[in-house]
2 protein chains.
Amino acid sequence: MRVAQEGHLLSKLGRIETGEALADRRIDILDAAARAFMRQGFAATSLDRVSDEIGSTKGAIYYYYRSKSELFFAVHRRGMELTQAAIRPSFETAASARDRLHGMAVAHTVLVIDHLPYLRVIAQGLELHLLERTNESERAELADVAALREANENLYIRVIRDGVASGQFRSVDAKLAAKPLLGALNWTSRWYQPRPGETQAAKKRLAESIADFVVAGLEKKN
Amino acid sequence: MRVAQEGHLLSKLGRIETGEALADRRIDILDAAARAFMRQGFAATSLDRVSDEIGSTKGAIYYYYRSKSELFFAVHRRGMELTQAAIRPSFETAASARDRLHGMAVAHTVLVIDHLPYLRVIAQGLELHLLERTNESERAELADVAALREANENLYIRVIRDGVASGQFRSVDAKLAAKPLLGALNWTSRWYQPRPGETQAAKKRLAESIADFVVAGLEKKN
DNA sequence: TCCAAACATACTACTCGGTAGGCTGAAAAC
DNA sequence: GTTTTCAGCCTACCGAGTAGTATGTTTGGA
């Protein structure tokens, strides 16, 4: 299937920083894994397919990752980190709770669109695939990723609390209200299909529309 | 693993209607499959595990279903039908769009709680697992189940349109607004964990809270 | 007694995660 | 300029698990 050994690709790129090149290669593999997991799910995705995606073989993957589940965890971790990086800026502004939440929801939705593979994979959840037959270190990583997920959810919970306290939002249980809110946002990864040539403005309009929905769901009526 | 052949279970139950007994057995298998698919997903679930769940073997499954994917389709189909049956009554009342939508959302959420295995499986989606390597008849069934999903979504779209027309709801694109709405509802299947001894009233309160959220997300502010 | 429904059992063919060992080219050592 | 080294893979393989099948078996009923 492969044409030939093309030599040291990284070196041919003239890279000096070995560490950086190594990290890039890891991300190449991660991107390919995210796309494959998105399309077929964890169990149905073979590592041979993942390595095909980057024109390589399974050996390359096992040089950078120790197991299939470690690769899966890495996809989740990166998805969570992307999410945190996307929503935190709006969370930290000095604006009202309403406006902060709106900004978070817009950023979140744009992120889903722009990084669909990662976001769809994390929306599928990982507990499903790994509840059984896990060893000690895998359970530790699972707890780790779960903590990241919780950290993201907590940003929403806190901004909801702020809105309730300031009287902008209805008097809801923030932890419970965050669930359908996140559902509305994460669901985007399930139905959205990338349109080639879709403008950034169009994405923004879609994100605004969804953000309007979740904010209105919490605001007081008058 | 099995203790012994316990004879004709169905006949021992004194069933007269053979057709009904046969249907019951099919549902037993379907329930077991739904639970297994819920916990491990389609690809990671072996038919041996499914048959273990009903204290039987793979032969029993293949007597009632022709393939693993047919069983998977059947789970989806039943989940969709349960959903339709749950939300249609509220949809068809003569009340306002707001109240009809609220009733649909409450019924939908209660259904998710009461039939978690089926609803979580359909929330995972099936296209994911079966996009490739499908034959002709499987693609037909896929389209069939997709039509059922669309039919459910259309009930929501129509009630949203009614609300926009009557002025109760904001002026939104109904097809687009239905997405986050369904996301908020379906997401329940992802985070909800059954509490033994949870009262029906407690379930109802949870469902009301989520329904309030999605209705408020569409209502006009004053 | 005989039959067929309703399974159970035993197999096959195949896939896939993981591993062991080999290869290669660039760069360091001399 | 030659030799050595070793990162970065590739190849070939093994063993475990599994969908699907072919055939055997039981049992209630005709």
Side-chain angles (χ1 to χ4, degrees), chain A residues 1-26 28-29 33 36-37 40-52 54-72 129-130 132-135 138, chain B residues 1-26 28-29 33 36-37 40-52 54-72 129-130 132-135 138:
Chain A
M1 198 61 66
R2 301 212 65 228
V3 281
Q5 179 85 8
E6 292 170 19
H8 262 190
L9 287 171
L10 297 174
S11 304
K12 281 191 178 173
L13 286 173
R15 238 349 132 188
I16 294 163
E17 286 275 351
T18 311
E20 202 178 297
L22 192 136
D24 278 6
R25 189 65 171 145
R26 273 179 71 91
D28 283 348
I29 293 174
F37 289 147
Q40 305 158 354
F42 175 71
T45 299
S46 76
L47 293 179
D48 288 315
R49 300 277 303 233
V50 174
S51 53
D52 271 6
I54 54 167
S56 188
T57 71
K58 210 163 43 174
I61 294 179
Y62 273 93
Y63 183 78
Y64 293 96
Y65 296 92
R66 281 195 302 219
S67 69
K68 186 184 180 184
S69 40
E70 185 180 305
L71 185 57
F72 192 55
H129 303 285
L130 297 161
E132 311 173 5
R133 288 183 288 189
T134 54
N135 56 36
E138 281 182 345
Chain B
M1 198 62 65
R2 299 214 63 229
V3 280
Q5 179 84 6
E6 293 171 18
H8 262 189
L9 287 171
L10 298 174
S11 305
K12 281 192 178 173
L13 286 172
R15 245 301 168 210
I16 295 163
E17 287 276 350
T18 311
E20 200 179 299
L22 193 135
D24 277 6
R25 188 65 171 147
R26 274 178 70 91
D28 283 348
I29 293 173
F37 288 148
Q40 304 158 359
F42 175 71
T45 299
S46 76
L47 292 181
D48 287 316
R49 298 278 303 234
V50 173
S51 52
D52 271 6
I54 54 167
S56 188
T57 71
K58 210 161 45 174
I61 294 179
Y62 274 94
Y63 182 77
Y64 292 97
Y65 297 91
R66 282 196 302 221
S67 68
K68 186 183 178 183
S69 40
E70 186 180 304
L71 184 57
F72 192 55
H129 304 284
L130 297 162
E132 309 174 5
R133 288 185 288 189
T134 53
N135 58 36
E138 283 183 343

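Each chain gets a letter, A, B and so on, in the order its sequence line appears, and its residues count up from 1. Worth saying up front: this structure is predicted, and the values here are computed from it rather than measured.
Remark: A/Y62 pairs with A/L47, A/K58 by the side-chain contact (heavy atoms from CB on, under 4.5 Å) rule, at least two apart or across chains. Applying the side-chain hydrogen bond (donor to acceptor under 3.5 Å, both in side chains) test to A/S67 and every residue at least two apart in sequence or in another chain returns A/S69. Listed by chain and number, the residues in a side-chain hydrogen bond (donor to acceptor under 3.5 Å, both in side chains) with B/S51 amount to none (sequence neighbours excluded).
One interatomic measurement links the two molecules: CZ of B/R25 to C1' of C/dA8, which rounds to 12 Å at whole-angstrom precision. Separating the CD1 atom of A/I29 from the P atom of D/dG8 is a distance of 11 Å, rounded to the nearest angstrom. B/D48 has its CG atom 12 Å from the P atom of C/dT9, to the nearest Å. Taking atom CZ on A/R49 and atom C1' on C/dT15, their separation rounds to 12 Å, with Å as the unit. In this structure, CZ of A/R26 is placed 16 Å from C1' of D/dC9, rounded to the nearest angstrom. D/dG24 atom C1' lies 16 Å from atom OH of B/Y63, rounded to whole Å. In this entry the distance linking CG of A/D28 with C1' of D/dG8 reads 14 Å, nearest Å. Between the OH atom of A/Y65 and the C1' atom of D/dC9 there is a distance of 16 Å, given to the nearest Å.
Contact between the side-chain N/O atoms of A/S56 and the OP1/OP2 oxygens of D/dC10 is found at a separation under 4.0 Å.
Between C/dC7, D/dT11, D/dT18, one nucleotide has an atom nearer to the side chain of B/A60 than all others, and that is C/dC7. Side-chain atoms of B/Y64 lie closest to C/dA6 of the nucleotides D/dT18, C/dA6, C/dT9.
The CD1 atom of A/I54 lies 4.5 Å from the CD1 atom of A/I29; values are rounded to the nearest 0.5 Å. Once rounded to the nearest 0.5 Å, the distance linking CD1 of B/I61 with CZ of B/R25 reads 9.5 Å.
Taking the six-membered ring for Trp and thresholds of 30 and 60 degrees, A/F72 and A/F42 have ring planes inclined between 30 and 60 degrees apart.
In this structure, the side chains of A/V50 and A/K68 stay at 4.5 Å or more apart for every pair of heavy atoms.
At the heavy-atom level, A/S51 lies nowhere under 4.0 Å from the strands shown.
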Please tabulate, one pair per line, each protein N/O and nucleotide N/O from nucleotides 18-21 of chain C that are separated by under 3.5 Å, including the distance.
{"unit_1": "C/dG18", "atom_1": "OP2", "unit_2": "A/Y62", "atom_2": "OH", "d": "2.6"}
{"unit_1": "C/dG18", "atom_1": "OP2", "unit_2": "A/K68", "atom_2": "N", "d": "2.8"}
{"unit_1": "C/dG18", "atom_1": "O5'", "unit_2": "A/Y62", "atom_2": "OH", "d": "3.2"}
{"unit_1": "C/dG18", "atom_1": "N7", "unit_2": "A/K58", "atom_2": "NZ", "d": "3.1"}
{"unit_1": "C/dG18", "atom_1": "O6", "unit_2": "A/K58", "atom_2": "NZ", "d": "2.7"}

